[in-house]
Amino acid sequence: MTKVVVLLDFWLSPFGMRVRVALAEKGVEYEYREEDLGNKSQLLLQMNPVHKKIPVLIHNGKPICESLVIVQYIDETWKNKAPLLPSDPYQRAEARFWGDYIDKQIYSCGRRLWTTKGEEQEAAKKELIECFKVLEEHLGDRTYFGGDNLGFVDVALIPFYSWFYAFETCGNFKMEEWCPKIVSWAKTCMQRESVSKSLVDPLKVCHDFVLPRRKTLGLD
Amino acid sequence: MSKEEVKLHGFWRSPYSRRVELALKIKGVEYEYIEEDLINKSPELLKYNPIHKKVLVFIHNENVIIESQVILEYIDETWKQNPIMSQDPYERAMARFWANFVDQKCLPSLRKALWGPETEQEKATEEAKENLKILEKELQGNNTFGGERIGFVDIVANVIAYWVSVYEEAVEKKILTEEFPALCNWRNEYVNNSIIKETLPPREKSIAHARAKYGTSKASS
């Protein structure tokens, strides 16, 4: 590979999008490589032998795996621009806690929401809304979770905005009704080029991936 | 100068609160330990941890932090002596990656293998051993995951170093066997380390509790 920074990714992965946003915020040039998850490349298997998953950031030939580990690596390596984590240890701890919360709750509830139906789906939807409400309370009156600027928690959460339309369609609800502050926060984030260029079209996520998948799974 | 307040709400059997104690001891930080009763959690605990209501809460002056790995990084960044993490971004990324591997992959597979439903135990044991093989390779003949001395990953892997052998004895099943020589060596060094020894719960008491909770299927057959 010729580029110093390479990202192995999959277009609609919220985890991959986190890395794209972080790299864009820092103005880092990189080579994006789309993986076929049904036919993973030798490079991916070699760079992430433990999990064989994307995203993988390869910097000067060395792989870094796991999206939030990658985001912290990016923040610590390209220190001169757009700090994502604050410098105060307590604020950093807070940010890491919420990043972990998003990882553990949002992804799994969201996944259950679009891969199930009936009562199971209703339960997943309720749980997902609850989680967003908790995040909404944590956001409070701030523009970003990072305060005046996009921070670690914003980067961890914003990719799921690409999935809102899919969640809403599958669960037959509107995020705006339940978590208006989260929706307005997301729209604020989307005004930044680093975010709007890194996230994928929510309609595509829904119509090109989620709904066809549900059909294959026999859910619709 | 006002006195610093450092408090830890923990539970004697919990490897998670022991992780925090180990980090504080490595750094020589004085702290007050409050033993929590899991059934009757203290009002202070519930006040500090309303979302998860989990036992481990770390308090430093007005700062309240939960989740052991988050606490460990906070401790390392606040008290800079005897660092448990490297300053190099790549090495820090590796430490975080392996700590996640231990917590998210190894521990659940070990739990399932040791006391999961019997019908699933064979498959669970296979998976647990696969994960241990990966850790064995990562250790690569070093004495610790931290390289030269106890570091972030070693602290997080305390469950593997100590609690696994406790449960192995309680349920009469061995998972971390001689087929993992580097891990066995690491484990021996770990439990005999003078600082770490102070942070381990009493062995017999731990085994008795584990036997009562998980050993029943063997005991009654």
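Remember, it's a predicted structure, so these values are computed and weren't measured experimentally. Below, chain A is the first sequence line, B the second, and so on; all start at residue 1.
- The environment of A/Arg142 atom CZ is dense: over 12 non-hydrogen atoms of other residues, nucleotides or ligands sit within 6.0 angstrom.
- For A/His59, no part lies under 4.5 angstrom from a heavy atom of chain B.
- Between chain B and the residues A/Gly99, A/Ala93, A/Cys65, the largest count of heavy-atom pairs under 4.5 Å involves A/Ala93.
- Crowding of A/Trp178 atom CH2: a count of heavy atoms from other residues, nucleotides or ligands under 6.0 Å not exceeding 12.
- Few gaps surround CG on A/Asp36; more than 12 heavy atoms of other groups in view lie less than 6.0 Å from it.
- Residue with the most contacts toward chain A among B/Asp88, B/Asn100, B/Ile71, B/Thr78: B/Asn100 (heavy-atom pairs, distance under 4.5 Å).
- Looking at A/Asp100, the atoms closer than 4.5 Å to chain B (heavy atoms on both sides) all sit in the side chain, from C-beta outward.
- Residue B/Asp37 qualifies as enclosed at atom CG: its count of foreign heavy atoms under 6.0 Å is above 12.
- In this structure, the portions of A/Pro63 lying under 4.5 Å from any heavy atom of chain B include both its backbone and its side chain.
- Under a cut-off of 6.0 angstrom, the local environment of NZ in A/Lys53 is sparse, with at most 12 non-hydrogen atoms contributed by other residues, nucleotides or ligands.
- Between B/Glu73 and A/Arg92 there is no salt bridge, since none of the side-chain N atoms of the basic residue sits less than 4.0 Å from a carboxylate O of the acidic one.
- With a 6.0 Å radius and a threshold of 12 heavy atoms from other residues, nucleotides or ligands, B/Gln81 has its CD atom above the threshold.
- The two residues A/Thr77 and B/Pro89 make their nearest non-hydrogen contact at OG1-CB, 3.6 Å.
- Within 6.0 Å of atom CD in B/Glu126, 12 or fewer heavy atoms from other residues, nucleotides or ligands are found, so the atom counts as exposed in its surroundings.
- Contacts of B/Lys137 with chain A are absent, with no heavy-atom separation under 4.5 Å from either backbone or side chain.
- Here B/Glu62 contributes atom CD and A/Tyr90 contributes atom OH; the two are 9.5 Å apart, rounded to the nearest 0.5 Å.
- Note that CD of B/Glu67 is 4.5 Å distant from NZ of A/Lys104, once rounded to the nearest 0.5 Å.
- For NZ of A/Lys40, the number of neighbouring non-hydrogen atoms (other residues, nucleotides, ligands) closer than 6.0 Å is greater than 12.
- Checking side-chain atoms of A/Tyr73 against main-chain N and O of B/Glu91 turns up no donor-acceptor pair under 3.5 Å.
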Worked verdict on A/Phe97 versus B/Ile65 for side chain to side chain contact (heavy atoms under 4.5 Å, CB included): CA-CA 8 Å; A/Phe97 169 79; B/Ile65 306 153; over 6 Å; no
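- With rounding to the nearest 0.5 angstrom, the CZ atom of B/Arg92 is 13.5 Å from the CD1 atom of A/Ile64.
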Stepwise side chain to side chain contact (heavy atoms under 4.5 Å, CB included) test for A/Arg96 and B/Gln69: CA-CA 9 Å; A/Arg96 286 181 180 126; B/Gln69 286 193 33; over 6 Å; no
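- How far CD of A/Glu94 is from OH of B/Tyr74: 11.0 Å, rounded to the nearest 0.5 Å.
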A/Glu76 vs B/Arg96, salt bridge (Lys or Arg N to Asp or Glu O under 4.0 Å): CA-CA, chis, key distance, verdict: CA-CA 13 Å; A/Glu76 290 170 10; B/Arg96 289 173 183 136; 3.1 Å; yes
